[in-house]
Amino acid sequence: MEANVNKLHGTPSIVTASSTARRHRSSILSIHYPTKRVSPFSLTVTRCSITRSNETGQDSTLESSSLPSSKKGLVLDLGTDSWDSEEIGSPVVKRFLSDNEERWYMWYYGISSKQSPVSDSVGLAVSNNGIHWERGKGKVESTDDVGLVMGSCEDWWAFDKASVRPGEVVIMSSSKVRADSSVYWMYYTGYTTETVEFQSQGLNFELGNPERFEKGTVFRSLPGLAISQDGRHWARIEGEHHSGALFDVGSEKDWDFLYIASPHVVFHGSGDLRMYYHSFDAKTGEFCIGMARSREGIKWVKFGKILGGRKEGLVCFDEMGGRYPCVTRNKRDGSYVMAYEGVDRNGKMSIGLAVSEDGIKDWRRVQDVGAVLDVGEGGAWDNEGVGCPYLIEMDGDSDHQWRLYYRGVGNGGRTGIGLAVSEGNEITKFTKQTGICL
């Protein structure tokens, strides 16, 4: 029987289901790729030594002063004559360690200057230290290639026919998917051409979904799922919603009625996966972060809103709420840490952190009114906004740093992907860096 898997780049040659697969319902899949399969490295984190960059052949230890101050923190700029030459963002970064190799993967969205109409696609860059990245100009052709890996869906009825942006990549095995090893599960935001009308409640800035510099069009978006055995060739898994999405927006009375964006999934334990996502609550006039739960990663039940804005008279970086959540579990104490993009009353974007003991309730911001990462000063490449954070906890014998990857916006709306690091295990302040001793 044929399973519900939509054609993407490098579609599997054989996809079978162990039972009848109804339309818009995922089933147990067996996946075989026509090219050599590349299994993920072990996720076991061990002590890391200084590595050498593929691009420069130099140690990955760099001085912050080695680049101009205007470029401080920038690790991935716009491409040249490539699929990502106009805009990039939403980094999803994974660190893989094997016995003799360290490898970093970064999935991110990009837009080509030659695209009309504008459409976000997902690409992959790789690194051996998380600082110097190897990218591609076009579509991937092999299991060792880098570049464009997933575009919008060609089906007219699909929820992701206009644009796609990555939210999270989880590497896991499941009874729902039959494969020789663990499989990459990409949770992503899919956008349609359907616009959403609403009253702005006196906002001092234009609301957009997805955000475009000085453009305020709100498109409907929903969460989706695609799977891969090499992180490059993806097959969509249709959810229960008629558009292929995993689930729908709420009713008119709900906080997530306008759209659902930036799904970030955390594996809490056997039979307990948690998805954090954001929307804009038109009734309260603020961005909010909510949560859904699942047993197997495909069928989801909404839990509700867990973080909103702060309108108690405080002039703070996230007065209008938070969006683009990235949640990870602290390996030291088991608590949950959420990095998110805060929006102030004028629409300025900066990054904050919140912690929770169980990852569900009682989220406490680690800062009072200021952000843990703010925009750059003067003519910096990220002087207009920082957001779309992705947080990674690094292991070390003498130090215990956190890395924070983010999207920066500069003059004229030019975007890039940056990196900041914590001072040891202190997560209340991050410093933009151009290099780190691994």
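None of these values were measured; they are calculated from a predicted model.
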Going through the checks in order, is the side chain to side chain contact (heavy atoms under 4.5 Å, CB included) test met by Glu211 and Tyr324?
CA-CA 12 Å; Glu211 297 83 18; Tyr324 295 103; 2.4 Å; yes

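Side-chain atoms of Tyr405 and Arg403 form a donor-acceptor pair, as typed in the model, at a separation below 3.5 Å. The closest side-chain donor-acceptor pair between Asp144 and Ser142, if any, does not fall under 3.5 angstrom. For Ser221 and Asn209, the side-chain atoms include at least one donor-acceptor pair closer than 3.5 Å. With 3.5 Å as the limit, one finds no donor-acceptor pair spanning the side chains of His132 and Ser127.
Under the salt bridge (Lys or Arg N to Asp or Glu O under 4.0 Å) criterion, Lys161 pairs with no residue, sequence neighbours left out. The side-chain hydrogen bond (donor to acceptor under 3.5 Å, both in side chains) search around Tyr340 returns Asp318, Arg365, not counting sequence neighbours. Under the side-chain hydrogen bond (donor to acceptor under 3.5 Å, both in side chains) criterion, Tyr191 pairs with no residue at all, not counting sequence neighbours. With sequence neighbours excluded, no residue satisfies salt bridge (Lys or Arg N to Asp or Glu O under 4.0 Å) with Asp254. Evaluation of the side-chain hydrogen bond (donor to acceptor under 3.5 Å, both in side chains) rule for Lys361 yields Asp358 as partners, not counting sequence neighbours. Evaluation of the side-chain hydrogen bond (donor to acceptor under 3.5 Å, both in side chains) rule for Ser85 yields Ser113 as partners, not counting sequence neighbours.
Contact detail for Gly334 and Arg329: the closest heavy-atom pair is O-NE, 3.1 Å.
Side-chain rings of Trp83 and Tyr108 approach one another, their centers coming within less than 6.0 Å. The ring of Trp104 has its center no closer than 6.0 angstrom to the ring center of Tyr390.
By the 6.0 Å and 45° rule, Arg220 does not stack over the aromatic ring of Phe198.
Taking 4.0 Å as the cut-off between side-chain N and carboxylate O, Asp272 and Arg274 count as a salt-bridged pair. Under 4.0 Å is where a charged nitrogen must lie from a carboxylate oxygen, and between Lys432 and Asp382 at least one such pair does. Under 4.0 Å is where a charged nitrogen must lie from a carboxylate oxygen, and between Glu87 and Arg165 at least one such pair does. Salt bridge status for Lys348 with Asp374: present, with a side-chain N to carboxylate O gap under 4.0 Å. With respect to Lys331 and Glu393, no salt bridge is recorded, no charged nitrogen being found less than 4.0 Å from a carboxylate O.
When each of Phe287, Phe280, Tyr277 is checked for a ring pair (Phe, Tyr, Trp, His ring centres under 6.0 Å) with Trp255, only Tyr277 meets the rule.
Here the straight-line distance linking atom CG of Leu74 with atom CH2 of Trp381 works out to 5.0 Å at 0.5 Å rounding.
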